[in-house]
Structures are given as C-alpha cells and as structure tokens.
Amino acid sequence: MKALVLCSGGVDSTTCLAIAVERYGAENVTALSVSYGQKHSRELQAARDVADYYGVRLQTLDLAAVFEGSNCSLLSGSDQAIPTESYDEQLKKTNGAPVSTYVPFRNGLFLSCAASVALSRGCEEIFYGAHRDDAAGNAYPDCSEAFNESMNRAIELGSGGALRVTAPFINQNKAQVVAQGLALGAPYALTWSCYEGGGKPCGVCGTCRDRMAAFEANGVTDPLLKGETP
C-alpha cells in the first residue's frame, strides 16, 4: 500500500504525514509540496524539512501561473495586506464570502494534481489536512466535508477506483489535530503556518491565532514560540 500526502509544511499536513508514515512506512509514502506564488517560501522550506525528518520522497510542483490573475492576499502579486484578525472577525466583513486569504479553488487544484502524481507513483491513497475550523463560516469552502466528499468521488471515478482521498480531520477541529500529532511525536518545531515570512511567526494572522489556540487547548506551548528545534 502506497500513499501520497499533500504537504504544506504546516501543522495539519505534517500530522497527516505522521499518520501515513506510521500506517504504511516511510518507504511507501510520497510528500507533495506546491509552490503557488505565495508571498514567502518559508512554508516550502518547512515541507522539505518535515519530509527529510521522516525520510520520505518529496516532489514539488510549481503552479504559480494558475493564480496570476488573483488578488488573494497570500499571493506575491496581490496589493492586499494579510489580515491581522481572527477568521471570525474577518467573516463578519465578507457577507458570507470566503476570506481574503482563500486561494481560488486551491484544494481542488492541488487534489487533482495530487491524483495524477499519486497514480503515476502507484499510490492508492491521498492524504490532506483539511479540518472543520477552516471550513467554518465559509472561510475556506474547499475545506468542507461536502467538498471533500465530492472530490473523493470524482477522483475515485476518474481513477477507475484505483485512488481515494483521505481527510482524517474533516470533522475535527485544529486542537484535535494537534492532539493526534503530539501523540505521534510530529516534529512541529520544523513546521510553519504563519502567512508572513520572517524569522518567527507574526502571531496575529488568522492561522497564527488558530495554531496558538490549538496548542494551548492541549496544555502545551507552540514549539515555534519557544524557539525549539527537534
């Protein structure tokens, strides 16, 4: 049994990688990292570091050209600043639309590309780290349970039943994701979640806020805030 893990270098995908490696062994797991024109490369380096930690093959795709017309605030060509509010506060201003850090149909594109890579490498399963908190309030609609079910069905059909999508956290919050990763010894000190680059997390973007709260809910401090290395 072989698996491919979409690896962003963040907490959720690193926990997915930990699960896949425990389940199938590092020799049967491929990590897939995607450059999509983001404002900094810190998360790409984190993905490499995490893949090296587990001793898994890492493949990288460059899909930046797909998003050249987008003004998503995460992208290098955007004139928007990255919000420094919680997702709840951001959603109060969007009238039900996704937040400004939503990259247009990113997970749909990534999963489609991952399907082709996975089939080419003989994998039968794709892991990705979507969770309930990201889908809440339509902040990131491509993290919802309905979206995941639809993509899984499309990939199963399009692969002739040879491939499936596994989103182990689709009905869990980020604190539950972190709890699983801590139990598996996931190298969270190597990960990066902040939407800004730099030497340390900004602490105020939506993903920084969620990450800190998830560690606190588990009674521990985020290792990046303590300056830890594995």
Side-chain angles (χ1 to χ4, degrees), residues 1-36 38 41-61 63 106-107 109-134 140 142-143 148 151-152 155 163-194 201 207 210-211 214-215 218 220 222-224 228-230:
M1 186 76 179
K2 294 182 179 181
L4 182 143
V5 182
L6 274 170
C7 190
S8 70
V11 163
D12 311 317
S13 67
T14 295
T15 310
C16 276
L17 189 58
I19 292 171
V21 168
E22 182 187 54
R23 189 172 298 176
Y24 301 125
E27 69 278 8
N28 294 313
V29 175
T30 295
L32 180 64
S33 175
V34 183
S35 174
Y36 55 91
Q38 53 268 64
S41 61
R42 185 66 187 269
E43 65 186 56
L44 298 172
Q45 182 59 54
R48 289 191 289 271
D49 292 342
V50 170
D52 287 347
Y53 176 89
Y54 281 110
V56 302
R57 175 196 289 121
L58 175 69
Q59 182 168 339
T60 302
L61 297 180
L63 299 178
R106 181 175 66 177
N107 281 348
L109 177 65
F110 287 9
L111 286 169
S112 296
C113 292
S116 294
V117 174
L119 289 168
S120 298
R121 293 195 175 277
C123 299
E124 300 167 57
E125 189 170 15
I126 298 169
F127 284 84
Y128 84 117
H131 58 80
R132 189 176 66 207
D133 288 348
D134 278 344
Y140 297 101
D142 57 353
C143 290
N148 178 67
M151 287 300 297
N152 183 41
I155 287 172
L163 185 63
R164 68 178 182 272
V165 175
T166 297
F169 318 129
I170 201 70
N171 291 309
Q172 299 179 21
N173 61 31
K174 199 174 189 76
Q176 291 171 305
V177 176
V178 168
Q180 292 180 65
L182 291 172
L184 290 169
Y188 287 143
L190 295 177
T191 64
W192 187 262
S193 303
C194 182
T207 189
D210 280 5
R211 175 176 172 138
F215 278 98
N218 282 281
V220 297
D222 182 345
L224 291 186
E228 288 184 5
T229 56

Test side chain to side chain contact (heavy atoms under 4.5 Å, CB included) applied to Arg23 - qualifying residues, sequence neighbours left out: Ile19, Glu125, Phe127
Distance in Å, Cys7 SG paired with Asp12 CG, rounded so as to fall on 0.5 Å steps: 11.0 Å
Asn152 (side chain) donor-acceptor with Val165 (main chain) under 3.5 angstrom: yes
Close side-chain approach of Tyr188 to Val178, heavy-atom, < 4.5 Å: yes
Gap separating the CG atom of Leu32 from the CG atom of Leu17, nearest 0.5 angstrom: 11.5 Å
Side chain proximity check, Ser8 to Trp192, heavy atoms < 4.5 angstrom: no
Pairs where residues 26-35 contributes a residue and the test side-chain hydrogen bond (donor to acceptor under 3.5 Å, both in side chains) is met, not counting sequence neighbours: Thr30-Arg57
Heavy-atom donor-acceptor pair, Arg132 side chain to Asn171 backbone, under 3.5 Å: yes
Leu190 backbone acceptor or donor facing Asp49 side chain under 3.5 Å: no
Check: Asn107 main-chain N/O paired with Asp142 side-chain donor or acceptor under 3.5 Å: yes
Pro187 side chain near Thr14 side chain, heavy-atom distance below 4.5 Å: yes
Donor-acceptor pair, side chain of Asn218 and main chain of Val220, under 3.5 angstrom: no
Arg48 versus Gln45, side-chain donor and acceptor atoms under 3.5 Å: yes
Approximate separation, where rounding is to 0.5 Å, of Ile155 CD1 and Ile126 CD1: 4.5 Å
Thr207 and Ser193: side chain donor to acceptor below 3.5 Å: no
Separation between SG of Cys113 and CG of Leu4, rounded to the nearest 0.5 Å: 11.0 Å
Distance, nearest 0.5 Å, that separates CG of Asn148 from CG of Leu111: 7.5 Å
Minimum side-chain heavy-atom gap Thr191-Arg211 below 4.5 Å: yes
Backbone N/O of Val177 and side chain of Gln180: donor-acceptor pair under 3.5 Å: no
